[in-house]
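In what follows, chains are A, B, ... by sequence order, proteins preceding strands, each numbered from 1. No hydrogens, no waters, no symmetry mates; every other heavy atom, side chains included, goes into these values.
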Number of protein chains: 2
Amino acid sequence: MDRLTMRRLATEVGSTPMALYHHVRDKEELLVLLLDDYAARTLRRPELPAHPRERIIVAATAIHEALAACPWIVEVLTADDLLSTSALWFVEQIVDGLVECGLSLDRAVHGYRAIWYYTAGEIVVRTTAARRRADDDRATYREHVFADLDPSELPRLAQAADRWAPLTAEDTYRDGLRALVDGLLVSR
Amino acid sequence: MDRLTMRRLATEVGSTPMALYHHVRDKEELLVLLLDDYAARTLRRPELPAHPRERIIVAATAIHEALAACPWIVEVLTADDLLSTSALWFVEQIVDGLVECGLSLDRAVHGYRAIWYYTAGEIVVRTTAARRRADDDRATYREHVFADLDPSELPRLAQAADRWAPLTAEDTYRDGLRALVDGLLVSR
DNA sequence: CTAACTTTTCTTACATGTATAAAAACTCTC
DNA sequence: GAGAGTTTTTATACATGTAAGAAAAGTTAG
């Protein structure tokens, strides 16, 4: 986000900063367009399994992988649910998979939203955590927190204290996604 | 985030901008501290139900409500998993609930992370969507997308097109949370 | 009380996003 | 092809976060 400046872009394109603003409302819109372009060029449709539940997993994972590979995405990612027209096909697969598993269309849309919340949240949280770690002053904050834990008040956290860092370093997106999808498909 | 400027804060406190930087690494850290203070003052511990599964729901919902009531939170929310020491009690409740439901401690921590991803994602996505709607130029983008949908290629989305806006306006945090927790508790 | 040292504050400076309004380039009709 | 109208670009300006280093205030040892 910060690496790209309107001034630098303008001079590299042989123009002036304010000229860019005729084509783009603000810097964020430019980045959304970049993300859109990125998605259009890199999102390849995977082969989908026959079972609808697995189809949901594969489609969501594909989106997640594409986004996670792109660290500048976070600031843009706070966009809405439909990141770009190129991603619509994946959304379709997810909604359709949910419907095929027996959900009503309305519930399927809600289900897709939940999956999107989870996916976007995972990337945002994980990416910013990684950035903080690079700073490494702030990384020690967590150690502080866990060191001063009162085991009588917060026994589970105290118990997990030394394992917290490695545990949260693990990539558990798929597991959480599976759990969420399973839960969504349990008829309630 | 933008409403608070270091310069204005400094003059209101009767100081200079750079003096603030001795106490705070940067603006973001100041906001994290503000969030921390906000959490400490407003997060009241609710009465917890006996059943561990419901306890998870109640604790997560409490965090979610406190955060969702605080719109400037989004930029800060991309913090790590432990928002503040005042929230630790809630984290404890969630992890403990998961353990009581039969998960190992490791899986419980992962489960908490999944819940946090979902919660943070929900707030970030929903809040930014609301901000965009205020702009309302960008709100029409979605209508465009749905208007030009090819029903033969994306049948479900075409089918849901006119209901998409109201559907995504509904607050389904609780439903998604329940689904996620259910899924996490299904022994795999 | 003084002198060294540490913590805190101030001054100045720069790069950034972008508002505003004028200028230039382009397009299209007659 | 001339002139009106539209689109695109430029010049200028301002508020912002914050780096760098000087200055001041506070603290402590002798």
Side-chain angles (χ1 to χ4, degrees), chain A residues 1-39 70-80 83-84 120 124-125 127-141 144, chain B residues 1-38 70-80 83-84 124-125 127-141 144:
Chain A
M1 180 80 165
D2 293 339
R3 297 283 296 277
L4 174 66
T5 77
M6 300 301 271
R7 283 177 162 87
R8 187 164 62 84
L9 174 61
T11 59
E12 280 187 22
V13 180
S15 180
T16 60
M18 289 315 288
L20 304 174
Y21 282 86
H22 185 259
H23 309 277
V24 134
R25 159 200 294 254
D26 54 15
K27 187 178 173 182
E28 194 195 330
E29 185 174 307
L30 175 63
L31 286 166
V32 171
L33 291 173
L34 277 177
L35 174 57
D36 206 21
D37 177 66
Y38 170 80
C70 196
W72 55 269
I73 231 166
V74 181
E75 280 90 350
V76 184
L77 201 62
T78 57
D80 211 348
L83 10 99
S84 95
V124 169
V125 170
T127 306
T128 0
R131 273 184 210 173
R132 297 264 164 90
R133 227 171 298 123
D135 269 26
D136 113 323
D137 257 32
R138 276 191 267 238
T140 57
Y141 167 73
H144 261 285
Chain B
M1 179 80 166
D2 293 339
R3 296 284 296 278
L4 173 66
T5 75
M6 301 300 273
R7 282 179 162 87
R8 186 163 63 84
L9 174 61
T11 59
E12 281 188 22
V13 181
S15 179
T16 60
M18 291 313 288
L20 304 175
Y21 282 88
H22 186 259
H23 310 276
V24 133
R25 160 198 294 255
D26 53 17
K27 188 177 172 183
E28 194 195 330
E29 186 175 306
L30 175 61
L31 287 166
V32 171
L33 291 172
L34 278 177
L35 174 56
D36 206 18
D37 177 64
Y38 170 81
C70 195
W72 55 271
I73 231 168
V74 181
E75 280 91 349
V76 185
L77 199 64
T78 57
D80 212 347
L83 8 100
S84 96
V124 169
V125 171
T127 306
T128 0
R131 276 185 208 172
R132 297 264 164 91
R133 227 171 297 122
D135 268 27
D136 114 322
D137 258 32
R138 275 192 268 238
T140 57
Y141 166 74
H144 261 285

What pairs with B/R8 under side-chain hydrogen bond (donor to acceptor under 3.5 Å, both in side chains), at least two apart in sequence or on another chain? B/E12
For residues B/I73 and B/T127, determine if any side-chain heavy atom of one lies less than 4.5 Å from a side-chain heavy atom of the other. no
Please evaluate residues B/L20 and B/V13 with respect to the criterion side chain to side chain contact (heavy atoms under 4.5 Å, CB included), reporting the C-alpha separation (whole Å), side-chain torsions for both, the decisive distance (0.1 Å), and the verdict. CA-CA 10 Å; B/L20 304 175; B/V13 181; 5.6 Å; no
OG (A/S15) and NE2 (A/H22) are apart, to the nearest 0.5 Å, by 12.0 Å
Do you know which two heavy atoms are closest between B/P17 and B/A10, and how far apart they sit? N-CB, 3.4 Å
Would one find a side-chain N or O of B/S15 under 4.0 angstrom from OP1 or OP2 of C/dC10? yes
Please report the distance, rounded to the nearest Å, between CG in B/D26 and C1' in C/dT16. 16 Å
From D/dT9, D/dT18, C/dT18, nucleotide with atom closest to B/M18 side chain: D/dT18
In this structure, OG1 of A/T11 is separated from CE of A/M6 (nearest 0.5 Å) by 12.0 Å
Test side chain to side chain contact (heavy atoms under 4.5 Å, CB included) applied to B/T128 and B/V124, step by step: CA-CA 6 Å; B/T128 0; B/V124 169; 4.2 Å; yes
Would you please confirm or rule out a distance under 4.0 Å between OP1 or OP2 of D/dT7 and any side-chain N or O of A/H23? no
Residues in residues 2-9 of chain A with a heavy atom under 4.0 Å of DNA chain C, by number, are A/L4, A/T5, A/M6, A/R7
Find the distance B/E29:CD to D/dT18:C1' and express it as a whole number of Å. 14 Å
Whichever of B/Y21 and A/G14 has the more 5' nearest nucleotide on DNA chain D, that residue is A/G14
To the nearest Å, how far apart are A/L20 CG and C/dT16 P? 13 Å
Report the distance from atom CG of B/L30 to atom CZ of B/R25, rounding to the nearest 0.5 Å. 13.5 Å
Here the distance between atom C1' of C/dA22 and atom NE2 of A/H22, to the nearest Å, is 15 Å
Please check: side-chain N/O of A/D26 versus main-chain N/O of A/E29, any donor-acceptor pairing under 3.5 Å? yes
Overall bend - the helix from C/dC1-D/dG30 to C/dC30-D/dG1, comparing terminal axes fitted on five pairs, nearest 10 degrees: 0°
